[in-house]
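A quick note: this is a predicted structure, and the numbers were derived from the prediction, not measured.
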Number of protein chains: 2
Amino acid sequence: MSPRPTIKTIAKETGLSTATVSKALNGSPQVRPDTRDKILDVAKKLGYEMNLSGVQLRTGKTHQIAMITVISSPHDDEWGGVGYAQLVYGVSDVLHDTPYRVVQYQASSYEESFDIIKRIVANRKADGIILPGTRVKDKRVEFMQAQDFPFVTYGLTEAEVPHAYVDTHNQRIVSICVERLIAKGHKRIAMLNADMVLMYSRDRENAYRQTLQDAGLKFDPSLVANGELTPAFGREQFFEMSMFDDPPTAYFCANEATAMGVLSGFHVRGYEHGRDAVVIATDDLNVSQYFSPPITTCYLPISKPSQVLGEFMLKLLNGEAPEKLQKLFVPDLIERSSDELRK
Amino acid sequence: MSPRPTIKTIAKETGLSTATVSKALNGSPQVRPDTRDKILDVAKKLGYEMNLSGVQLRTGKTHQIAMITVISSPHDDEWGGVGYAQLVYGVSDVLHDTPYRVVQYQASSYEESFDIIKRIVANRKADGIILPGTRVKDKRVEFMQAQDFPFVTYGLTEAEVPHAYVDTHNQRIVSICVERLIAKGHKRIAMLNADMVLMYSRDRENAYRQTLQDAGLKFDPSLVANGELTPAFGREQFFEMSMFDDPPTAYFCANEATAMGVLSGFHVRGYEHGRDAVVIATDDLNVSQYFSPPITTCYLPISKPSQVLGEFMLKLLNGEAPEKLQKLFVPDLIERSSDELRK
DNA sequence: CAACTTAAGTTAAACGTTTATATTTTTGAC
DNA sequence: GTCAAAAATATAAACGTTTAACTTAAGTTG
């Protein structure tokens, strides 16, 4: 087994210097076309593949994209990471034919994720960072901006300076879903939402209030719950709210896991969907079509934003301006239930 | 902003040579304890963190663990990667306080995954490989063994030479579940299983046949289905099998996604769980407790095997023998339904 | 106390790249 | 043909680390 070829091998083989080889491989215009071809031929013949640590040492380029995920407790809640996971796949997919790889950095809290980011930036452990789970005021975003470090968020923030982001159009989602419920005659609409430190939770709550107000309905804070979007959360909240004197007739869930929890609560308490109450949700895994019963959702396959996340990252690394790299996706309403309460 | 400290900085600061600094940082015995302490102090004071590409260039150590995942089409089936995803989390978690990182390599077919592995090995792009989804005869495993490249599989193989692996005890799972169903009076038990090229599918089918035979029941090939373990697969198979003249009264599903699909089929066709048929499943996300109705499962939280996967990898890199690094987990039966058909 | 061993450090080279600078070759004008 | 300018290629240093080989100082032994 011969040792793996380096530019030195190619240089020896072609009788040229390593400098010329390097330039040829990087497509520099200062090497004659015919010599470039010769070099590329030999490189291919030898099965040459560049040594990333050599490049990295010299240029600082790591060819790594750090993906930060915050999971409070990976052991307790097995469903937890599912959403993030799909993100990783989409991004990996886009980077497939580039020299970039996705590297996973896992934090158990916001603070820890900030520390991790500081270390990545300080030690140039990656060329760029992908950050899901943005907060309204996000110190991490401010930090990366201050350090001029390339990053794309999945989610908006209230940053002074524009940054690259991808997100779903949360306001639209909420208005689509809540307006539908109102049109179907619902007056008591519960919203099971994520933690309010997250930007998208705040956006959704605002849109929820606005939509109610536009329809002349009163906002009732007891119908809004915030927490980790798990099935457990959905079920607990259903148990609580269904005991109210004037319980909700519709549950609007921020994801499928939560919706599944509410449906589970229905089953436990003998509720029937469409008779006692209905569930509607935001959906990115399209698994709600297999619920019993299938529920109406606002669906955006998570592969879409995650692909764009990867594309934006590549463009960012190519020097494109962050303010040009912003995209909001509008999900489709998928009607699977009438969502009208039968008398 | 001062440039990040290197061993040179530490050397200058302490008045020692870079060689001594390097040795001290690596805990070499040929440096006096007090000088070592001094060096470590200065290193901490400066916030020194080793430059991995420097190390890699010199030693060949990449500090990367490659995680190979095969997903036929990341776009179509959104549920697909969920299982793998949890694996990544568990492994990342174990490696958290080590210099190792998990790097995702995604393939769309067995062949492509083999190519990827060849490239990783040939170009030493990682220090070790974690390979889920093993086949009965797995060329990739043979290749890595021939190349003496460290790897741990999630799943068994029929390899000549022993290798490091983690897996669930598939035979036990099947006998636990199928014996239970038989004890509850079921005679027609369907098995919804993964593709037969996968080792665990074969093991499960063998155990299934054996358990039936031990109970004096006849094996009926039309009650066994193989395919991608998605909700869609579960539902389709239910639709087909429920039309048989002598349809199954129990569906044993190889994972939760498939079980969800069967339950969805129940709902569509007006089947009632416990009256018309029952569903039982292998479970690693513990989400089946939120199904409507919750079903009985053989549960092993995926965080467990994935943790051990990471631990085994670290031990392997520490020079431990692969044949010492083998573990089978036996799941717990979680009874959530009587699984007896009422008359 | 000479002769040797051991301990603790140092020096310098090497890993695979890129790139500023230097050198050689080619080109074009006269 | 000569000469300068332009184009193509070569030389060598640098990135941060480890490590074989070497040096020096300090013990140990008979």
Show each protein N/O and nucleotides 11-13 of chain D N/O combination with a separation under 3.5 Å, one pair to a line.
none

Using whole Å, report how far [atom1] of [X] lies from [atom2] of [N].
X	N	atom1	atom2	result
B:Asn123	C:dC15	CG	C1'	15 Å
B:Leu16	C:dA7	CG	P	19 Å
B:Gln56	D:dT19	CD	C1'	18 Å
B:Ile10	C:dG9	CD1	P	15 Å
B:Lys8	D:dG16	NZ	C1'	8 Å
B:Lys61	C:dC15	NZ	C1'	16 Å
A:Gln30	C:dA20	CD	P	10 Å
A:Asn51	D:dT17	CG	P	16 Å

Legend entry - A:Lys61 atom NZ, neighbour heavy-atom count above 12 within 6.0 Å: yes
Legend entry - side-chain contact (heavy atoms from CB on, under 4.5 Å), paired with B:Tyr100, selected from B:Val91, B:Thr62, B:Leu95, B:Val94: B:Leu95
Inset, instruction - May I ask you to say what B:Ser22 touches in the nucleic acid, namely base, sugar-phosphate or nothing, with a heavy-atom cut-off under 4.0 Å? - result: base
Inset, instruction - With heavy atoms under 4.0 Å as the rule, sort B:Leu52 into base, sugar-phosphate or nothing. - result: nothing
Between the protein and nucleotides 22-26 of chain C, list every N/O to N/O distance that falls short of 3.5 Å.
none

Inset, instruction - Please work out which residues in residues 33-47 of chain B have a non-hydrogen atom less than 4.0 Å from an atom of DNA chain D and list them by number. - result: none
Legend entry - Test of ring centre spacing under 6.0 Å for B:Phe114 and B:Phe143: yes
Inset, instruction - Verify the distance criterion only: is there a donor paired with an acceptor across the side chains of A:Asn51 and A:Ser53 at less than 3.5 Å? - result: yes
